[in-house]
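What follows is a set of notes on a single structure, which appears directly below.
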Amino acid sequence: MSFTTYYTASSLDGFIADAEHSLDWLLTRKNDGSGPMGYDLFIAEIGAIVMGANTYQWLLDHESGPWPYTMPAWVVTHREFDARPGHDIRFTSEPIPAIHQQMVAAAGDKKLWVVGGGGLAAEFAEHGLLDEIIVSFAPVTLGSGAPIFPARQELRPVEVALNGELVCARYEVVK
Ligand SMILES: NC(=O)c1ccc[n+]([C@@H]2O[C@H](COP(=O)([O-])OP(=O)(O)OC[C@H]3O[C@@H](n4cnc5c(N)ncnc54)[C@H](OP(=O)(O)O)[C@@H]3O)[C@@H](O)[C@H]2O)c1
């Protein structure tokens, strides 16, 4: 099986982090992980994840506890990061289709998650390897920051919901 979702949260004006790579504007928002398009329901279906170097660096800088993911993770980067023994984290600069193939093999019958950033999600879409985008919009505008998806892409809206303070939308990627 191969089904890839870019699941993210955004400001109303389309930024997934502010100009200082902060998520403070997001992490304070009320929402229910078991509610519509909530994180707990989403992550239960995920068998492999991929993220860019800045997203990984954000996790290193802000997550005080253990590595938060149980499934194999790919970090696309040209940088040298320290290995994390005991966790299946693969640092790579291989082409996206090769990474996708490895993720599918690792995920079994589960789905793939593009954690971010937006440029990486756009790279997957460019190769026809992105199926769905789920966005939770926080009730704030930021004016600048990391863009949610810096490319042109047709989408088909399939679901909307209010989850706490977040307006959630699910889109199929039109291929
Ligand atoms: N709101 C949310 O839900 C959410 C979700 C995810 C992330 N975020 C935040 O949003 C920000 C995202 O940062 P970002 O937009 O800069 O994106 P990013 O994807 O996290 O990082 C981009 C970097 O990843 C590396 N990279 C990307 N594609 C690559 C490829 N094909 N091969 C090799 N390396 C590749 C490059 O770094 P190098 O070449 O230097 O290695 C690139 O500069 C972060 O602050 C993160 O914490 C928010």
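Heavy-atom basis, side chains included; hydrogens, waters and symmetry copies ignored. Note that ligands are numbered from 1 as they come in the structure, with each ligand's atoms numbered from 1 the same way.
- Among protein heavy atoms, the minimum distance from atom 45 (O) of ligand 1 is reached at His21 ND1, 2.4 Å.
- At distances below 3.5 Å, not a single donor-acceptor pair connects side-chain atoms of Thr5 with backbone N or O atoms of Tyr7.
- Of the residues Trp74, Phe42, Tyr6, the one that meets the ring-ring contact (aromatic ring centres under 6.0 Å, His included) test with Trp113 is Phe42.
- For atom 12 (C) of ligand 1, a protein heavy-atom neighbour is found at a distance under 4.0 Å.
- Note that SG of Cys168 is 7.5 Å distant from CG of Leu162, once rounded to the nearest 0.5 Å.
- Ranking the protein heavy atoms by distance from atom 25 (C) of ligand 1 puts Val76 O, 3.4 Å first.
- The shortest N or O to N or O distance between Ser93 and ligand 1 is not under 3.5 Å.
- At least one heavy atom of Glu123 sits less than 4.0 Å from an atom of ligand 1.
- Near Leu26, the atoms of ligand 1 lying under 4.0 angstrom from a non-hydrogen atom of the residue are 1 (N).
- Counting only non-hydrogen atoms, the option in Ala17, Gly117, Gly145 that gets closest to atom 19 (O) of ligand 1 is Gly117.
- Scanning all protein heavy atoms for the shortest distance to atom 48 (C) of ligand 1 gives Ile16 O, 3.1 Å.
- Residue-ligand proximity, Thr8 to ligand 1, at heavy-atom distances under 4.0 Å covers atoms 1 (N), 2 (C), 3 (O), 4 (C), 5 (C).
- With a 4.0 Å heavy-atom cut-off, ligand 1 is reached by the side chain of Ala146 but not by its N, CA, C or O.
- Near Trp58, meaning under 4.0 Å from one of its heavy atoms, ligand 1 places the atoms 47 (O).
- Of the candidates Val114, Val115, Val50, it is Val115 that places a heavy atom closest to atom 6 (C) of ligand 1.
- Considering only non-hydrogen protein atoms, atom 23 (C) of ligand 1 sits nearest to Ala53 N, 3.8 Å.
- Evaluated by nearest non-hydrogen atom to atom 39 (O) of ligand 1, the leading choice among His62, His78, Arg79 is His78.
- The pair Asp131-Lys175 counts as a salt bridge, with a side-chain nitrogen and a carboxylate oxygen less than 4.0 angstrom apart.
- Between Glu45 and Lys110, no side-chain nitrogen of the basic residue sits less than 4.0 Å from a carboxylate oxygen of the acidic one, so the salt-bridge criterion is not met.
- With respect to Arg84 and Asp82, no salt bridge is recorded, no charged nitrogen being found less than 4.0 Å from a carboxylate O.
- Between the side chains of Arg29 and Asn163, no donor-acceptor pair of N or O atoms lies under 3.5 Å.
- Per-residue contacts place Gly116 under 4.0 angstrom from the following atoms of ligand 1 (heavy atoms of the residue considered): 19 (O).
- Geometrically, ligand 1 and Ala9 share a nitrogen or oxygen pair separated by less than 3.5 Å.
- By the 30° and 60° cut-offs, the orientation of the rings of Trp58 relative to His62 is parallel.
- The hydrophobic clustering, which links ILVMFWY residues whose side-chain heavy atoms are closer than 4.5 Å, places Val174 and Val114 apart.
- Counting protein heavy atoms only, atom 21 (O) of ligand 1 is closest to Asn54 N, 3.2 Å.
- Nearest approach of Ala138 to Leu166, heavy atoms of both residues: CA-CD2, 3.8 Å.
- Side chain of Asp13 to main chain of Gly143: a donor-acceptor pair is present (N/O by atom type, distance under 3.5 Å, no hydrogens or angles).
- When only interatomic distances are considered, the shortest N/O to N/O separation between Thr55 and ligand 1 falls below 3.5 Å.
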